[in-house]
2 protein chains.
Amino acid sequence: MINIGIYDEHHLMGQGLKLLLEQVDDFDVLFCADGKEQLMNLVQNKSLNILVLTIHDTSVRTMNLIVRLSLLNPKARLLILAFDNSEDMIVKIVKSKAKGILGRDASQKELIEAIRTLRNGFDYFNRSINQMVLNQYIDKLEAPEEKTEGLNSLSERQIEVLKLWGRSYSNQEIADELCISVRTVDAHKNHIMQKLQLKSTVELVKFSIKNNIIEI
Amino acid sequence: MINIGIYDEHHLMGQGLKLLLEQVDDFDVLFCADGKEQLMNLVQNKSLNILVLTIHDTSVRTMNLIVRLSLLNPKARLLILAFDNSEDMIVKIVKSKAKGILGRDASQKELIEAIRTLRNGFDYFNRSINQMVLNQYIDKLEAPEEKTEGLNSLSERQIEVLKLWGRSYSNQEIADELCISVRTVDAHKNHIMQKLQLKSTVELVKFSIKNNIIEI
DNA sequence: ATTCAGATTAGGTATTTTACCTAAAGCCCT
DNA sequence: AGGGCTTTAGGTAAAATACCTAATCTGAAT
């Protein structure tokens, strides 16, 4: 018997997952939390094997939650249902204490397989990561026209610089972070401004916000 | 009998919702889509009464999806399961063609009630909106890191400078416009930054946008 | 009425950032 | 193999910023 706990901020989703998992004979859903404090208490249940955790963002708060949960009950292995297939999310989850990830495209079969894999002491990462990277690629292919045209014309590196700059990094700090010269950072920003036909840094901030490069 | 369609990008969540809804005797889940194209085809089913749609963001793409769905089958009433209780999301959904919203804290009972309400020709907004607004208020109480009151502490002149600067005026141009020295403009900006405890011009732009001093 | 806080004004100086060049090396595509 | 783009980075002058000081002015409180 595999004892499973569920956490989803959305109560309905938790209930749905519970029904899904209870269809499997040797799965037993011990609890179904939708609040963090409630979860903190329930996760300490000694007979818990797997904790299925739905996460929607990679904020510090969320990542701290993962760490705290793994400390509260190291025997309960964490399976993350990620709602965002972004590279950022994958990287952060892989670095975290979680033992497995499922993307938003995962099937019921994969969910069950992932839980069994974790129960057997293995991690469940590679498949979903590959899938996510592939999906990202497909997403880009499928909807290239819906993105802001300006954003597409920027290179990865340029967006990287923009992201750091948007977090109030100075040119020097960006240079240190990326291990390049200050002049290069400056050059990147100039190239961006030229490409996007922006007249001022203010417009660059506006553009970045519009295109979700920086958060407001 | 109420004929229901489900759309959730996350396949598992769709399946979970399906199980939840099928527990109700007079609910019939006609389909459970997890891709946009698939959904576009299925939604045209003439016997469809309610389409339950999970959305995670308020991007143009998502909002367009709602419009397109309502055009493809005007008789199928849209119930949105919103994963974000932000004001932005509420406003955008209320403005959309959707007939109802449920927040992430909604219970199974509310989901069923919402579907019945929609089926009876009424909209299901008020309750969830009130709930969301309340939740937002609680969130703010819990995390008082947000400071929007800063605007009040600024003087007229300071806001004037900020407005011009937000229109991409250079310091010199602001000085000319206001018939003061460049140094004064600089001083104003410095005083503002000090007052608001902002570390960079990027943060100043964000503040200005938040407080409707400049337009995005 | 006088003090006092803060708003507005502006100068000094040093540092940082920008604007506008050039240019080499690498990569992808045809 | 060459053309175009990216990434890298240096040079120099101009602009903006940071961090000072400080003189008026205004409104509110004592």
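Remember, predicted model here, so these are calculated numbers, not experimental data. Values below: all heavy atoms of this structure, side chains included; hydrogens, waters and symmetry mates excluded.
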Discussion item. Ignoring hydrogens, what is the shortest heavy-atom contact between B:V161 and B:I174? Give both atom names and the distance.
Written reply: O-CD1, 4.1 Å
Practice prompt. Take atom CD of B:E173 and atom P of D:dA14, then tell me their distance rounded to the nearest Å.
Written response: 18 Å
Practice prompt. Drop me the distance from A:L81's CG to A:H56's NE2, to the nearest 0.5 angstrom.
Written response: 9.5 Å
Worksheet item: Can a donor-acceptor pair be found between the side chains of A:Q172 and A:D176 at a distance below 3.5 Å?
Response: yes
Worksheet item: Should B:K195 be listed as having a side-chain N or O under 4.0 Å from OP1 or OP2 of C:dA7?
Response: yes
Worksheet entry | Distance-only polar pair, side chains of B:Q158 and B:K189, donor-acceptor under 3.5 Å | no
Item to complete: Answer yes or no: is there an ion pair linking A:R157 with A:E160, defined by an N-O contact shorter than 4.0 Å?
Response: yes
Worksheet entry | Whole-Å gap separating P (C:dC20) and CG (A:D186) | 11 Å
Worksheet item: For D:dT17, does OP1 or OP2 lie under 4.0 Å from any side-chain N or O of B:K189?
Response: yes
Worksheet item: Between atom CD in B:E203 and atom P in D:dA18, what is the gap in whole Å?
Response: 11 Å
Worksheet entry | Nearest-Å distance for atom pair OH/P, residues A:Y169 and C:dT17 | 15 Å
Item to complete: Send over the distance from B:E160 CD to C:dT9 C1', rounded to a whole Å.
Response: 14 Å
For nucleotides 8-10 of chain D, list the nitrogen or oxygen atoms of the protein found under 3.5 Å from its nitrogen or oxygen atoms, one pair per line.
{"from": "D:dT8", "atom 1": "OP1", "to": "A:R157", "atom 2": "NE", "distance (Å)": "3.2"}
{"from": "D:dT8", "atom 1": "OP1", "to": "A:R157", "atom 2": "NH2", "distance (Å)": "2.7"}
{"from": "D:dT8", "atom 1": "OP2", "to": "A:R157", "atom 2": "NE", "distance (Å)": "3.1"}
{"from": "D:dT8", "atom 1": "OP2", "to": "A:H188", "atom 2": "NE2", "distance (Å)": "2.7"}
{"from": "D:dA9", "atom 1": "OP2", "to": "A:S181", "atom 2": "N", "distance (Å)": "2.6"}
{"from": "D:dA9", "atom 1": "OP2", "to": "A:T184", "atom 2": "OG1", "distance (Å)": "2.7"}
{"from": "D:dA9", "atom 1": "O5'", "to": "A:T184", "atom 2": "OG1", "distance (Å)": "3.3"}
{"from": "D:dG10", "atom 1": "OP2", "to": "A:S181", "atom 2": "OG", "distance (Å)": "3.4"}

Discussion item. Distance check needed: C:dA19 P versus A:L198 CG, whole Å only.
Written reply: 11 Å
Worksheet item: Is there a side-chain polar atom (N or O) of B:S155 under 4.0 Å from OP1 or OP2 of C:dG6?
Response: no
Worksheet item: So, for A:Y7 and A:D34, which heavy atoms are closest and what is the spacing to 0.1 Å?
Response: CE1-C, 3.9 Å
Worksheet item: Whole Å only: how far is the CD1 atom of B:I159 from the C1' atom of C:dT8?
Response: 15 Å
Response to the item:
Atom CD of B:Q194 and atom P of D:dA18 are separated, to the nearest Å, by 10 Å
Worksheet item: Is any side-chain N or O of A:N171 closer than 4.0 Å to OP1 or OP2 of C:dT18?
Response: yes
Worksheet item: Considering all heavy atoms of both residues, which atom of B:M40 and which atom of B:L72 are nearest to each other, and what is their separation?
Response: SD-CD1, 3.4 Å
Worksheet entry | Among D:dT6, C:dA19, C:dT17, the nucleotide that comes nearest once only the side chain of A:S170 is considered | C:dT17
